[in-house]
Every structure is written in structure tokens, then in C-alpha cells.
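Report on the following structure.
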There are 2 protein chains.
Amino acid sequence: MRQLCMPQGLSSDELSKLETLICSARSVQRGEALYRSGDRFDSIYAVRSGSMKTLMAHRDGREQVTGLRLAGEALGLDGISEDVHACSAVALEDSTVCIVPYGALKRLCREISSMQERMHKLLGAQIVREAAQMMMLGSLSADERVASFLLDVSERNAQRGYSSAEFNLRMTREDMGSYLGMTLETVSRTLSKFQKRGLIDTQGKHIRIVDLPGLRQV
Amino acid sequence: MRQLCMPQGLSSDELSKLETLICSARSVQRGEALYRSGDRFDSIYAVRSGSMKTLMAHRDGREQVTGLRLAGEALGLDGISEDVHACSAVALEDSTVCIVPYGALKRLCREISSMQERMHKLLGAQIVREAAQMMMLGSLSADERVASFLLDVSERNAQRGYSSAEFNLRMTREDMGSYLGMTLETVSRTLSKFQKRGLIDTQGKHIRIVDLPGLRQV
DNA sequence: CGTAAGGTTGATAGGACTCAATTTTAGTGG
DNA sequence: CCACTAAAATTGAGTCCTATCAACCTTACG
């Protein structure tokens with residue numbers, strides 16, 4: 001957990017302070033919401049096991065997947081600006097999260113400058129990730145989006161010490177489509193096409209990347 | 001400037017500390033870059049006058065507009081996570097910006113908890129805005145995107161005390177298209193269509209919103 | 001005032017969506 | 001543990017929206 005939540009730049013003394021702060025964990029069943037858009041914000045979270053999706057709704061009620069969080073990644077930053085969550089977070093499989101009370105975290109950030117640094121970088125990294133996602137939605141074709149998404153998940157798996165070539169994506173095709181700005185049918189067709197071309201090997205939610213360079217230059 | 005940069009929750013004592021921090025301003029000519037992707041990050045900025053766009057590049061060099069900043073809005077947060085700017089910021093017209101050195105700002109955030117609060121909310125708001133933009137790109141039609149963009153600019157103008165019904169958009173149709181994930185031709189056609197329907201009145205970059213409710217339900 | 005950049009509009013083509021029919025997977029309960 | 005069933009995934013056919021290519025007009029800057 002230490003690596004996962006707040007990896008770098010903390011002394012072990014500081015780490016123990018952090019650990020007093022992470023006062024609790026919580027398990028979330030598949031399909032259950034950790035928080036919903038409109039809920040009061042009082043904690044941020046780190047996915048300890050499993051995976052989650054974040055959703056945002058239009059005025060008309062249509063929901064779109066705005067993010068995927070794998071084990072070790074942070075969740076809940078969407079509530080900071082308004083003290084109310086802007087997104088909902090739903091478990092893609094039975095999962096557990098660490099709960100980090102925001103008030104206590106703020107205090108710690110004031111006491112320990114390396115914690116402040118971490119916090120800023122966490123927020124800043126989310127900003128950059130989302131900007132990259134905007135670029136993807138704004139200027140890539142369906143093929144390019146799917147390839148780019150697979151490569152992103154692969155890379156994030158690698159960073160967490162798992163296989164970058166083979167993984168289980170717990171999202172449905174509909175979730176993927178919603179996240180990538182296309183229909184579930186197009187997602188399915190694109191994955192089939194990649195398989196025929198020998199770029200990947202899919203069996204439902206299990207995905208193996210066969211030709212990494214090939215996928216990169218889709 | 002006081003309202004613009006850091007409006008709420010600061011005592012006047014705190015404000016004067018902030019003002020010692022904003023040590024300088026800078027003017028940026030139309031078309032000139034305030035910073036470029038890859039530049040070392042050491043300051044955040046607030047647009048004092050004029051307007052700017054942010055750009056991000058794909059590996060292949062294609063650039064996309066990822067943001068529009070009007071007077072009073074913050075700029076440069078894309079550099080926090082990696083100490084290097086992820087975007088470029090280019091002036092849409094002759095503009096001036098306040099320079100806020102990040103190191104000094106961090107120190108101030110540790111001393112004054114309301115400053116820390118402001119900083120977190122600034123970053124959090126950017127995260128939520130970008131998520132909303134992702135939604136727009138992922139699930140709206142061309143018409144809906146243009147309408148949504150015009151309403152967004154209108155609202156931001158209102159917040160800054162300018163007219164919400166009439167404004168000058170200094171972006172080109174190409175910039176707008178890039179930002180909205182469509183071609184400049186489609187932007188132009190959509191604006192013409194809105195004009196024919198009596199929703200707006202355009203003359204080049206000058207835009208007047210004639211039928212606000214109508215535009216909302218496009 | 002000239003000229004290049006920006007904007008508009010038209011015709012055509014193609015990529016992704018929609019609707020629909022099956023097949024496959026996975027979660028539930030006997 | 002296996003059968004059952006609803007959810008998820010695949011594939012096809014036809015259509016529509018938006019991109020592309022092209023010509024022309026307008027604006028603004030030097």
C-alpha cells in the first residue's frame with residue numbers, strides 16, 4: 001500500500017503519519033457506487049484491489065464513463081472544487097479502497113511539505129491525463145482510440161508491476177465505448193479487426209497484446 | 001486583480017502577502033507563446049487582459065486546442081505534475097498575464113490554510129472542467145458541441161462581469177474546431193445554421209446570443 | 001490598397017451509428 | 001455443481017452525419 005498511495009519523497013516518519021490518517025478501508029461490490037455525483041465530498045480514495053469507473057451525467061440524464069481506475073490509483077478528486085462530487089464512482093468488480101479523509105490530509109500537507117508536493121502532483125497529473133483524453137476524443141479515429149486505450153491500460157499495468165501484455169479489462173464494451181466516445185458495436189468491431197490483423201488476442205474481457213509495435217502505429 | 005486571481009476567503013493581510021508574491025506581469029503578443037510544451041515549469045499565470053489558448057501535441061506533431069482562457073482565469077497548471085509544461089499557451093490577441101512563482105506560492109499555501117484551500121480548489125476545478133469537456137467530446141453532436149461551447153463562453157463572460165449575450169471570440173474557426181473535435185467547415189456551417197434559426201447573430205468573431213433558451217435546447 | 005489569412009458554402013464520400021438477429025458469457029438459484 | 005437465464009458480445013445491412021476537397025468571398029493587417 002505504501003508504494004501505491006503516496007510513493008515518493010516521504011521519510012518513514014512521514015509515512016507513519018500518513019498511515020494514521022488512512023483510518024479505514026471499504027469494500028465495494030461489483031456495480032455498487034463508492035460515491036455518487038452530488039454526494040458531499042469528504043474523502044479521497046485509493047483503489048486497493050479491483051477496479052472502478054467514474055461516470056458523469058449530462059443535464060438530460062445520459063451518463064458517460066469519464067475514467068477508469070486500477071488498483072493503486074487515486075479516486076475522488078472531482079469533489080475538491082465544490083465540496084460535492086461531480087462524478088460517480090462505480091466498482092467494475094468486487095473491490096476495496098482506502099479512505100483518506102480530506103480534512104486530515106490537508107492538515108498533513110501543511111505540516112509536511114513533501115506531502116503538499118505529492119498532493120499537488122496528484123492533482124496536476126489528473127489534469128494532464130484528462131487533457132490527453134480530450135485530445136484522444138477530439139482528434140483520433142475509432143481505431144486509434146481503441147489502440148490508444150489498450151496501450152494506456154497496458155502501460156498502467158506495467159507501472160503497477162503486472163503484465164503489460166495480458167490483462168483483464170472488467171469494463172463492458174458499452175463502458176469502453178462510452179469512455180472512448182463511440183458505440184459498443186464499433187468497439188466490438190474494432191477489437192475483432194485488431195484480432196484478425198494479429199495485433200491482439202481477445203476472449204471477452206481477457207485481452208492479450210500480441211504485436212505491441214503494430215498496435216502503436218495503428 | 002484581487003477578485004480575479006484569488007477571490008474568496010483571504011484576509012486583507014493575506015492578500016497583501018499574495019501581492020508581494022505576484023512579482024511581475026508580462027505581455028504576450030497575439031500568436032506568441034507564453035510557454036511551450038516541454039518548457040520547465042516554474043510559475044502559474046493569471047490572464048489579466050486578453051485571452052489565450054492552450055495546445056497539446058500528439059507524438060506525430062498534430063496539435064489540438066485543449067483550452068481557452070479568458071481574462072481572470074488561471075493558466076499553467078499543466079506543468080505541476082512533471083515540472084515541465086504538458087501544453088503550450090498561445091495568445092489569441094495581445095494579452096497580459098500575472099506571473100505567480102510556484103515555489104513562493106507553495107510556501108504561502110503552507111503558511112496560510114485559506115491559500116492552500118484556494119490552490120486545491122483551483123486544481124480541482126480544472127479537473128472538473130476537463131471532465132465536462134471530455135463528456136462533450138464523447139457524446140454530443142456537432143450542433144450540441146457548438147451550442148454548449150457558446151453557452152460556456154457566455155457564462156464565463158457573465159462571471160467576469162461582462163456581457164453574457166455578446167462577445168468577441170478571438171479564436172479562429174479552426175481553433176474552435178480543434179477544441180470541439182470537428183473541422184473548421186463544420187463549425188462555420190453550424191454557426192450559419194444557428195444564425196438562420198435565429199439563435200445567434202455572428203459577424204466573423206463577434207457573436208451575439210439572440211435566443212438563449214433556444215440555444216440551450218439544441 | 002494589396003494580399004494573405006480567415007471564413008463561407010457546395011458537392012461528394014466515407015466512417016461510425018442505428019437497428020436487428022444471433023451467439024456467447026457469466027451470474028443466479030436449484 | 002450444473003443448469004438456466006439475463007446480460008454482454010458479435011456480426012450484418014443500411015443510413016446519416018461529418019470529413020474532405022474545392023471554389024469563392026471577406027476581413028484585417030502591413
Q: Could you grab the distance from atom CD1 of Ile209(B) to atom CG of Asn157(B), nearest 0.5 Å is fine?
A: 9.0 Å

Q: Would you please confirm or rule out a distance under 4.0 Å between OP1 or OP2 of dA8(D) and any side-chain N or O of Ser188(A)?
A: no

(Q) If you compare every side-chain N and O of Lys205(A) against the phosphate oxygens of dA26(C) (OP1, OP2), does one of them come in below 4.0 Å? (A) no

Q. Looking for any heavy atom pair under 4.0 Å, which part of the strands does Leu184(B) touch: base, sugar-phosphate only, or nothing?
A.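 Base, at least one base heavy atom under 4.0 Å.
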
Q: Identify, residue by residue, the members of residues 171-180 of chain B with a heavy atom below 4.0 Å from DNA chain C, and return them in order of residue number, or none.
A: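 Hits under 4.0 Å, by residue number: Thr172(B), Arg173(B).
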
**Q.** Rounded distance (Å) that lies between atom C1' of dC29(D) and atom CD of Glu93(B)
**A.** 16 Å

Q: Would you mind reading off the distance between His206(A) atom NE2 and dA26(C) atom C1', rounded to a whole angstrom?
A: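 The answer, rounded to whole Å, is 16 Å.
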
Q: Compute the bend angle of the helix from dC1(C)-dG30(D) to dG30(C)-dC1(D) from the end axes (five pairs per end), rounded to 10°.
A: 60°

Q. Under the salt bridge (charged side-chain N to carboxylate O under 4.0 Å, His left out) criterion, do Asp83(A) and Arg40(A) qualify, and how do the steps go?
A. CA-CA 6 Å; Asp83(A) 300 311; Arg40(A) 221 193 63 206; over 6 Å; no

Q: Mind listing the closest non-hydrogen atom pair of Lys205(B) and Met171(B) along with its distance?
A: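 Looking at all heavy atoms of both residues, the shortest contact is CE-O, 3.2 Å.
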
Could you tell me if [Y] and [X] have a donor-acceptor pair between their side chains, going purely by distance under 3.5 Å?
X         : Y         : answer
His85(B)  : Asp39(B)  : no
Arg129(B) : Gln126(B) : yes
Ser27(A)  : Thr96(A)  : no

(Q) Check this for me: Arg197(B), atom CZ, are more than 12 non-hydrogen atoms of other residues, nucleotides or ligands nearer than 6.0 Å? (A)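 It does: Arg197(B) CZ has more than 12 such atoms within range.
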
Q | Nearest-nucleotide 5' precedence on DNA chain C, Arg30(A) against Leu191(B) | A |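 Nearest nucleotide further toward 5': that of Leu191(B).
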
Q: For the pair Ser95(B) (side chain) and Ala91(B) (backbone), establish whether a donor and an acceptor sit closer than 3.5 Å, ignoring hydrogens and angles.
A: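 Absent.
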
Q: Check the angle between the aromatic planes of Phe41(B) and Tyr102(B) and answer parallel, tilted or perpendicular using the 30° and 60° thresholds.
A: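 Tilted, since the angle between the ring planes falls between 30° and 60°.
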
Q: Give me the one residue out of Leu55(A), Thr66(A), Val65(A), Val187(A) that meets side chain to side chain contact (heavy atoms under 4.5 Å, CB included) with Tyr179(A).
A: Val65(A)

Q.
One thing to verify: whether Glu93(A) and Arg30(A) come together as a salt bridge, which I'm taking to mean a side-chain N less than 4.0 angstrom from a carboxylate O.
A.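 The answer is no: the pair does not qualify as a salt bridge.
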
Q) How does protein contact run along nucleotides 10-25 of chain C, one letter per nucleotide 5' to 3', with B for base contact, S for sugar-phosphate only, - for none, heavy atoms under 4.0 Å? A) BB----SSBBB-----

